[in-house]
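Chain A is the first sequence line, chain B the second, and so forth, proteins listed ahead of strands; every chain is numbered from 1.
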Number of protein chains: 2
Amino acid sequence: MATMHDVARLARVSVSTVSYVLTGARPISQATRDKVLAAMTELGYQPNAMARGLASRRSRIVGLLMPMDERGLGATETAFVTGAAAAASVAGYHLVLSPVGDLDDLRRLASQRMLDGAVLMEVQVEDERVGALQEAGVPLVLIGRTGDTTGLSYVDIDFDQTVREAVAHLVSLGHDRIVYVNHSAAAIAAGYGPAVRTRDAFVAAMTGHGLEPVMITAEDSAAGGRAALTAALAQAPDLTAVLVMNENAIFGILGELTNRGLAVPRDVSVVSMVTSPQVAELATPALTAMTSPGSALGRIAVEALLRHVTGTGDDNHQQLLPCALEVRGSTCPAPATLAVSVSDGSDPTGSGPPGT
Amino acid sequence: MATMHDVARLARVSVSTVSYVLTGARPISQATRDKVLAAMTELGYQPNAMARGLASRRSRIVGLLMPMDERGLGATETAFVTGAAAAASVAGYHLVLSPVGDLDDLRRLASQRMLDGAVLMEVQVEDERVGALQEAGVPLVLIGRTGDTTGLSYVDIDFDQTVREAVAHLVSLGHDRIVYVNHSAAAIAAGYGPAVRTRDAFVAAMTGHGLEPVMITAEDSAAGGRAALTAALAQAPDLTAVLVMNENAIFGILGELTNRGLAVPRDVSVVSMVTSPQVAELATPALTAMTSPGSALGRIAVEALLRHVTGTGDDNHQQLLPCALEVRGSTCPAPATLAVSVSDGSDPTGSGPPGT
DNA sequence: CTGAAAGCGCTAACAC
DNA sequence: GTGTTAGCGCTTTCAG
């Protein structure tokens, strides 16, 4: 393995010159640079990452910290990762995905000066990792948001916009009995951001359309989805559409719908929010969904982090990204307004009270 | 940030002593060790990873290289990761997941002496990464197998056993028209290990039971699954069971079955191979599956790698792990043997030619 | 525009 | 059982 000395000797320059052509930290004449570059390629030189890191106090590694629970990475999260990795690679940084479950592990990783910065995924409202990294002096950017974002950089999904557009889509199809299946009650109670924010946004959106917001909570599993649909039908027997933000429950919901002889979308329209096209396509029919801005989230987070790390630019980047409506096969116009309504010609806006 | 010198000074010992209590590379008296440890905690000392790496020529980082395509990590792959991370952590190593898509990126990573070793996931029959890492002198272990495994360490799933048990399960339930839905024809032609090995194992298993092996290929998507089921029914209209090893196609298969009014498991039993419980539970009914030895694969791979890296033990670990049959709701006894058979009492073994 | 040399924080001989 | 010290390969002053 050739070292910088070897390159310097071969190019007949000093080591510092070699170093400077590598880092670009000071101007080098074209002639010298060419000599050095030639020597490098001739020797197949690659700088030693550890030595660089020690001398420069910069590892050129940024971490993507994701709590890996058993559920695995959905396509959405995977998109974060690929987007982030690409952005890091472009900047000459390595992105390492650290499946740190343990807070102590994280503390260790951070204090060992192994990371120039970190992107946190799956951020909780009260996330201990934030404090741990700040104490260790590791710059960070969140994908998601903590409760108090003062002085923190983050990139997150615009849940308000997402819910609003999803509801608008259903309303424009004539639906007026829309049930929202959220994450679990426990998640909401714990203040899990996406669950809380979508809940509020749903209430606002429905109210804005003069409709009554009905929300059901669901455990993150197929069984949870089945139970949620059962509860939804109990609470709103005349529902014509369900809005879901729970990739783990959605298949249970669809299964239970089928079990009850309700066809999608003929009898019930379904919209899945913050969903990747891949998952949407798994269902039959494919799901109309609000597609998450997957790789963009990851890319933007890393770019903001690197700006922070290198001291280039704002160290307080806060940004929301929209989800895009992609209409597939799980939504269609609401079944002809209730027989009674049709027969008496009332309620053409479809915004009447339930049970009419 | 406290350094080793600070610790040494506070404990009134030499730096080397501190270093040795850290590495355990030579015996230290209990008294000194205690002093040093006390000093360390008092200062909140954490060794600098870069300095250690430079001096010891060991980064204590092992890479888990996974080509991240858009599909994302299934629960199965995620289990590899968590198993591997846990094993690395226990040994005091960091596991970094490197989403290297580009071979040049990988070469760079390897030549920069950043990795003490690597575990390769999603191994292809002809995998360029193997050569790249070997040239760079990076020890490696595969999860999966290349075509020629001479001199290579690997851990893989025992596809023979998996197929054999899955078929045996169906046969024991009285099924005799079993269709296997494999990966795509292209994947098989390219020599994709799991596809080729399960194909051969399926033929062997069916033949062993005196049954005719019918295999259909499917693209890795819901649409591919739907098409495959259509093809399967065309080729074997009287099929009573389908065996699948394609997590992306399985939902398409199930959807198409429903579309055609075929109930699972009443009309058709379904077994999914190399599947995580999480995915199996997504379906309604939950899928009977051959559960993959997820985290064990990751753990064993890392343990083998670390033995290799530290020179402790065989650097040629080759091991196959079985999948476990977990019976859920998608299989049941075959529909009463064909009416004709029953009425004429023939073919009790169910091994007659198709179309009887 | 280029060189010389002093570290970065740690490990691992080599001494005792 | 412990101390001394020469590097590991690079970056970055400080000089020219």
Side-chain angles (χ1 to χ4, degrees), chain A residues 1-37 39-40 43-61 92 108 111-116 136-137 310-311, chain B residues 1-37 39-40 43-61 92 108 111-116 137 309-311:
Chain A
M1 205 96 285
T3 78
M4 207 169 223
H5 274 89
D6 301 327
V7 176
R9 198 178 317 129
L10 184 60
R12 304 181 164 288
V13 297
S14 72
V15 276
S16 58
T17 299
V18 177
S19 173
Y20 286 120
V21 343
L22 217 54
T23 62
R26 84 180 181 193
I28 299 284
S29 76
Q30 193 56 48
T32 336
R33 151 172 293 116
D34 288 345
K35 275 194 306 187
V36 172
L37 258 22
M40 282 183 179
L43 295 173
Y45 172 74
Q46 284 290 63
N48 179 307
M50 297 290 138
R52 278 192 109 167
L54 178 57
S56 67
R57 296 132 166 290
R58 281 278 185 73
S59 65
R60 295 179 156 269
I61 300 178
R108 194 150 5 100
S111 331
Q112 289 185 156
R113 317 273 62 177
M114 183 97 95
L115 261 33
D116 285 353
T310 58
Chain B
M1 206 94 285
T3 77
M4 203 169 227
H5 274 90
D6 301 327
V7 176
R9 198 178 316 129
L10 183 60
R12 302 179 166 291
V13 297
S14 72
V15 277
S16 59
T17 300
V18 178
S19 173
Y20 286 121
V21 344
L22 218 54
T23 61
R26 86 180 178 191
I28 299 283
S29 77
Q30 193 56 49
T32 338
R33 152 174 291 119
D34 288 345
K35 276 194 305 187
V36 171
L37 258 21
M40 281 183 179
L43 295 172
Y45 171 74
Q46 284 291 61
N48 179 307
M50 297 291 138
R52 280 193 107 167
L54 179 57
S56 66
R57 298 139 158 286
R58 282 279 183 73
S59 65
R60 296 179 156 268
I61 300 177
R108 193 149 7 99
S111 331
Q112 290 186 153
R113 316 274 65 180
M114 183 98 94
L115 262 33
D116 285 352
V309 166
T310 58

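Protein atom CG of A/Leu22 is 15 Å distant from nucleotide atom P of D/dG9, rounded to whole Å.
Residues A/Val21 and A/Thr32 form no side-chain contact, since every pair of their non-hydrogen atoms from C-beta on lies 4.5 Å or further apart. Within the 4.5 Å cutoff, side-chain heavy atoms of B/Ser16 are placed close to those of B/Arg26. The closest side-chain heavy-atom distance from B/Arg108 to A/Gln46 is below 4.5 Å. Put simply, the side chain of B/Met1 does not reach to within 4.5 Å of the side chain of B/Asn48, judged on heavy atoms. Looking at heavy atoms from C-beta onward, A/Ile61 lies in side-chain contact with B/Met114 at the 4.5 angstrom threshold. Counting heavy atoms from C-beta outward, B/Val36 and B/Arg33 have side chains that stay 4.5 Å or more apart.
Here the CZ atom belonging to A/Arg9 is positioned 13.0 Å from the OG atom belonging to A/Ser14, to the nearest 0.5 angstrom. A distance of 11.0 Å separates CZ in B/Arg58 from CZ in B/Arg52, rounded to the nearest 0.5 Å. Note that CG of B/Leu22 is 12.0 Å distant from OG1 of B/Thr17, once rounded to the nearest 0.5 Å.
Relative to the axis of its first five pairs, the axis of the last five pairs of the helix from C/dC1-D/dG16 to C/dC16-D/dG1 sits at 30°, rounded to 10 degrees.
The two residues A/Thr3 and A/Tyr45 make their nearest non-hydrogen contact at C-CE1, 3.5 Å. Across B/Arg113 and B/Ser59, no two heavy atoms sit closer than the pair O-CB, 4.3 Å.
Across all strands shown, A/Ser56 has heavy atoms under 4.0 Å from sugar-phosphate atoms exclusively, and none from any base.
The nucleotide range of DNA chain C contacted by chain B, defined by atoms under 4.0 angstrom from heavy atoms of the protein and reported 5' to 3', is C/dG9 to C/dC14.
Partners of B/Leu10 according to the side chain to side chain contact (heavy atoms under 4.5 Å, CB included) rule, which considers only residues two or more places apart in sequence or in another chain, are B/Ala39, B/Glu42, B/Leu43.
Residues from residues 23-32 of chain B with heavy atoms under 4.0 angstrom of DNA chain D, sorted by number: B/Arg26, B/Pro27, B/Ile28, B/Ser29, B/Thr32. Contacts between residues 3-16 of chain B and DNA chain C, defined by a heavy-atom separation below 4.0 Å, involve B/Thr3, B/Met4, B/Ser16, listed by number. A heavy-atom distance below 4.0 Å to DNA chain C is reached by these residues of residues 44-55 of chain A, ordered by number: A/Leu54, A/Ala55.
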